[in-house]
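Predicted model, so just to flag it, every value in this text is computed and none were measured. Atoms within each ligand, like the ligands themselves, are counted from 1 in listed order.
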Amino acid sequence: MTKDKNLFKLIPKVDELLENETIKSLMGGMPRKIVVDSIREEIDLLRQNIRDNLHKEEEVIHRINNLPNLIKIRARKKDSFKLRRVINGTGVVIHTNIGRSLISQEVMDNVKEIAVNYSNLEYDLERGERGERYSHLKELIVEITGGEDAMVVNNNAAAVLLVLSSLAKGKEVIVSRGELIEIGGSFRIPDVMEQSGAILRAVGTTNKTHLWDFENAINEETAALMKVHTSNYRILGFTSSVTAEELYPLKKKYNLPLIEDLGSGVLVDLSRFGLEYEPTVQDSIKKGVDIVTFSGDKLLGGPQAGIIVGKKEYIDIMKKNPLTRAFRVDKFTLSALEATLKLYIDEDEAVKKIPTLRMLSMGIDELENRAKSLYNKIIENIDIDSEGCKLEIVDSYSEVGGGSLPLEKIPTKCIKISFEDKDIIALERALREYEIPIITRVYKESLFIDLRTIRDEELNIVADGLSFGFNRLKGCIR
Ligand SMILES: *Cc1c(COP(=O)(O)O)cnc(C)c1O
């Protein structure tokens, strides 16, 4: 009991801590209230721990000496945004949970210009009267894809719903059973169909659908033929599906619109970079698909959006649908999308400047150099051997993500960390709790940091994060 009393006495008073240099340096950058609250909370926690006899005496003294730092960490956490940047060490390029596609600085400059100023968002500068929100992007999308007309909504799920609701409400839409997919986050073709008011007419079987399945299902209630790109899975083996080219004569014969949900919406042929061929929007238009929908933030590499491109007669109907107002995009999206699409006028430019494409096309030499650079930064800060740690540069595979090219494994270089006697999961957690959280992958007792999804200017953050992690494992810090 006396021992505990002494420990209580060692805890500095709030006023004393407010005079501490570390604490004072915090005051400039954040509200005083946050600092004072953090001091109180940290002191309360310490008292509680002493009361509960949770730690050994030396440990408590160590924590008391380290109190200003603990307060600093707590205050920074309190003051930080809840939605904040993270470092993607997973190697999954289009990772839906951590923001899908990145926007380049150049594209962001355009967003800022539009956001901090008034703009001609819905104003026709030539005529001096009300204009159309979608007109700014129409020409660009038409030029790149070869479609007649285009519009943009909140995301691809909204695009599909709008298309079906506009063209097939109360009528039948014929889809192959093999294409009735679910995309993560509760987007299921049959459910979207139901929500739109269209009636799903599933034809064929899971593995095989033939052209005559489609033809046999056509009747006076049929409003459209639909194809869905099964972007996130593959059926292998005894399979056959009906292509858009094969459906073309059928839709002509019965005068029905052919619609296609492409999902990932790639605009350049990825096989150029040794990736599996992913159908481009241009291909679908060329094959006679009347309406194509795709995401803005998957392989296109822009902001979240759903793009609808195709025949003007159908898009005109969609523009009159009240859902269009509900799904409308804001000026941030429009300006980011325009700046991204502008890069596609020159394909090489697009690949160089759009982060998603740049990451996917990055060669192994560049990745190896980056891995070496990170390796050297790590051994500068951490005495690997004395930590009982094994640090290596290893070959591994990155993934496209975003439900695109699910089987594609892209060769990459990773930093691999394993321990003789420490818990690798604890390091993974520490990295996630770093000031700038670092998301990594644990596989078979080793931690992997994939260099493909980390930029050169982020390497120092990763190295510092690892030092933080190793210190945490030693119990120096929380
Ligand atoms: C991703 C995807 C969607 C949903 O797109 P969001 O932009 O996420 O709404 C719909 N259909 C397919 C085929 C997809 O791959």
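- Residue-environment remark: CZ (Phe273) exceeds the threshold of 12 foreign heavy atoms within 6.0 Å.
- No side-chain heavy atom of Val242 sits under 4.5 Å from any side-chain heavy atom of Leu250.
- Few gaps surround CD on Glu276; more than 12 heavy atoms of other groups in view lie less than 6.0 Å from it.
- Lys208 forms a cation-pi arrangement with Phe238, by the criterion of a distance under 6.0 Å to the ring centre and an angle within 45° of the ring axis.
- Shown here is Gln195, whose CD atom has no more than 12 heavy atoms of other residues, nucleotides or ligands within 6.0 Å.
- Counting heavy atoms under 4.0 Å from ligand 1, residue Arg100 touches it through the side chain alone.
- Every atom of ligand 1 with a heavy atom of Ser295 under 4.0 Å away is listed here by number and element: 5 (O), 6 (P), 7 (O).
- Between the side chains of His229 and Glu278, at least one donor N or O lies within less than 3.5 Å of an accepting N or O.
- Residues Asn321 and Thr324 bring no donor and acceptor atom of their side chains to less than 3.5 Å of each other.
- Atoms of ligand 1 lying under 4.0 Å from at least one heavy atom of Ala157, given by number and element, are 5 (O), 6 (P), 9 (O).
- In the vicinity of His229, heavy-atom distances shorter than 4.0 Å reach the ligand 1 atoms 13 (C).
- At a heavy-atom distance under 4.0 Å, only side-chain atoms of Ile183, from C-beta outward, approach ligand 1.
- Contact annotation: Gln304 has no heavy atom less than 4.0 Å from any atom of ligand 1.
- Taking atom 11 (N) of ligand 1 as the reference point, the nearest protein heavy-atom neighbour is Asp261 OD2, 2.6 Å.
- Backbone and side-chain nitrogen or oxygen atoms of Lys298 are examined, and one is located within less than 3.5 angstrom of a nitrogen or oxygen of ligand 1.
- Atom 10 (C) of ligand 1 has its closest protein heavy atom at Asn156 ND2, 3.1 Å.
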